[in-house]
Structures are given as structure tokens and as C-alpha cells.
Amino acid sequence: MAALVRVGALCRASRAFPFSKSLLIRPAAFLPQDRSSLQVFTAQVSQNRHASSKAASLHWTGERLVSVILLGLLPAAYMYPGGAMDYSLAAALTLHGHWGFGQVLTDYVHGDTKVKLANAGLLALSSLTFAGLCYFNYNDVGICKAVAMLWSL
């Protein structure tokens, strides 16, 4: 019973210092099968184990940067349509869609073979999308003009 009081005290103490290292150490109480004595184990999580966390953080920052760039590109494409804007939109929209669908695949596709097939399909779809938008920009009116023509209907 004393161990349970200690666990509660440690949990309350960690709320007082929300950014301290005590958040990384959590005591866990386990009852043995005979239930005659209570044992307390401490699990420690190290931040150094996650070597790819820096890469994940940079990827997350890149996704947000592309989203913010798209917020600026859409009004700019309306005000200043042209070839450079069409190709910029093609690249930004394709990259934004590729990363978005990649997150959907990460959440819903499980199993090594299925993940590899889904990622290969996503890469093929993104490549075809970018190639199709570039083809449309070069051989037709372009993205900006096409959207303006749709709005004029």
C-alpha cells in the first residue's frame, strides 16, 4: 500500500514541473500472482533512442512549409497567371498530395509487402500526376488559365 501512495505522490509531483525529466520516468505498479506483496518497477524512456526524430521533425516542418507556400501561391496564381506560376503550382500541389497520401498509407496499410507495394504505387501516382500537370501546362492553357476558365462558367 505504501508503494501506491509513493506512485501517487510521484505523479502529482510531475505535474508541478511539466517540462522536467521526471515526465520520462514513470513508476509502474504490478501485483504478483500470489498478491502477497506489491512490487514497483520504474520504466525510463530515453530520447537518444529516437535517432530519426530529427529527420521526422524536418519532414514535418517541410510539410508545413509547403502548405504555407500553397496558401500564398493560390492568390498569386489568380493575380499573376503564367508559365512559372503554373509549374510552381504543379510541383507544390503534387508534393503536398504525395506527402498527404503517404500519411494515409502510413496509418492504414500494414505488413511489409503491402507497405512496399503501396509506397511504390504512391510514387508512380505522384510521378504521373506531376508529369500530367506539366504536360497540361506545356501543351494546353495551364493550371491558372484552366481554373479561371472554370470560374467564368
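Not measured: the values here are computed from a predicted model.
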Enquirer: Strictly distance-based, threshold 3.5 Å: is any side-chain N or O of Asn137 a donor or acceptor partner for the main-chain N or O of Ile143?
Expert: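 It does hold such a pair.
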
Enquirer: Measure the shortest side-chain to side-chain distance between Leu93 and Thr129 over non-hydrogen atoms and say whether it is less than 4.5 angstrom.
Expert: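 No, too far: nothing below the 4.5 Å cut-off.
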
Enquirer: With side-chain hydrogen bond (donor to acceptor under 3.5 Å, both in side chains) as the rule and sequence neighbours excluded, what pairs involving residues 90-101 come up?
Expert: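 Non-adjacent pairs meeting side-chain hydrogen bond (donor to acceptor under 3.5 Å, both in side chains): His98-Ser126.
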
Enquirer: Using 0.5 Å steps for rounding, measure from the CZ atom of Arg64 to the NE2 atom of His59.
Expert: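 So the CZ of Arg64 and the NE2 of His59 are separated by 8.5 Å.
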
Enquirer: Per the side-chain hydrogen bond (donor to acceptor under 3.5 Å, both in side chains) rule, what does the pair list look like for residues 67-92, sequence neighbours excluded?
Expert: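 side-chain hydrogen bond (donor to acceptor under 3.5 Å, both in side chains) check on residues 67-92 returns no pairs.
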
Enquirer: Quick one: which residue pairs count as a side-chain hydrogen bond (donor to acceptor under 3.5 Å, both in side chains) with a foot in residues 140-153, not counting sequence neighbours?
Expert: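 Counting only pairs at least two positions apart or across chains, no side-chain hydrogen bond (donor to acceptor under 3.5 Å, both in side chains) contact touches residues 140-153.
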
Enquirer: Quick one: hydrophobic cluster around Leu122, which other residues, with the 4.5 Å side-chain cut-off, linked directly or via members?
Expert: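 Joined to Leu122, directly or through intermediates: Phe101, Leu105, Val109, Val115.
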
Enquirer: CG/Leu65 to CG/Leu58 distance, rounded to the nearest 0.5 angstrom?
Expert: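 Going from the CG atom of Leu65 to the CG atom of Leu58 covers 11.5 Å.
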
Enquirer: Should side-chain heavy atoms under 4.5 Å link Ile, Leu, Val, Met, Phe, Trp and Tyr, which residues sit in the same cluster as Leu150?
Expert: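 Members other than Leu150 - counting any ILVMFWY side chain reachable under 4.5 Å - are Leu153.
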
Enquirer: Tell me the closest heavy-atom pair linking Lys114 and His110, and the distance in Å.
Expert: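 Closest approach of Lys114 to His110, heavy atoms only: CD-O, 3.4 Å.
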
Enquirer: Suppose clustering is done on Ile, Leu, Val, Met, Phe, Trp and Tyr with side-chain heavy atoms closer than 4.5 Å. Which residues sit in the same group as Phe130?
Expert: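 Phe130 clusters with nothing; isolated.
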
Enquirer: Give the other cluster members for Val104, using side-chain heavy-atom distances under 4.5 Å between Ile, Leu, Val, Met, Phe, Trp and Tyr residues; answer none if it is isolated.
Expert: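 For the cluster that includes Val104, the remaining residues are Tyr108.
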
Enquirer: For Ala146, enumerate each residue passing the side-chain contact (heavy atoms from CB on, under 4.5 Å) test, keeping only those at least two apart in sequence or located in another chain.
Expert: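 Here the qualifying residues are Phe136, Val141.
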
Enquirer: Enter the distance from Ile69:CD1 to Leu89:CG here, rounded to the nearest 0.5 Å.
Expert: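 It is 11.5 Å, given to the nearest 0.5 Å.
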
Enquirer: Nearest heavy-atom pair of Gly82 and Cys144: which atoms, and what distance?
Expert: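 Closest heavy-atom pair between Gly82 and Cys144: N-SG, 4.5 Å.
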
